[in-house]
K.L.:
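There's a structure below that I have some questions on.
Only heavy atoms go into these numbers, but all of them, side chains included; no hydrogens, no water, no symmetry mates.
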Amino acid sequence: MRVRESDRNLLLLGTFTLFSMAAAGLVALLDPAPAPANPAPRPAANQASAPNQGLAQTPVRIVGIPFVPNTNPRQR
């Protein structure tokens, strides 16, 4: 049984896809998800932080102008 020349690329792509999925599945089975470091409940991201937490952050120096995305491609 010979594979026609026009179908070889499709056969190669299918074989590569199957082997890749098998390798990813094997890695997923052998590498369990890590346990959380701190099992205590975390506050939601949309809640305001406590006032004393804001003081503990190190100030960041910004060099240059802030980035503004170009939402109108015709205007530069």
K.L.:
Should we say atom CG of L26 is surrounded by more than 12 heavy atoms from elsewhere, each under 6.0 Å from it?
P.N.:
yes
K.L.:
What side-chain hydrogen bond (donor to acceptor under 3.5 Å, both in side chains) pairs are there with at least one residue in residues 6-27, not counting sequence neighbours?
P.N.:
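Counting only pairs at least two positions apart or across chains, the side-chain hydrogen bond (donor to acceptor under 3.5 Å, both in side chains) contacts touching residues 6-27 are R4-D7.
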K.L.:
Going by side-chain heavy atoms closer than 4.5 Å, which hydrophobic residues are tied to M21, directly or by a chain of links?
P.N.:
none
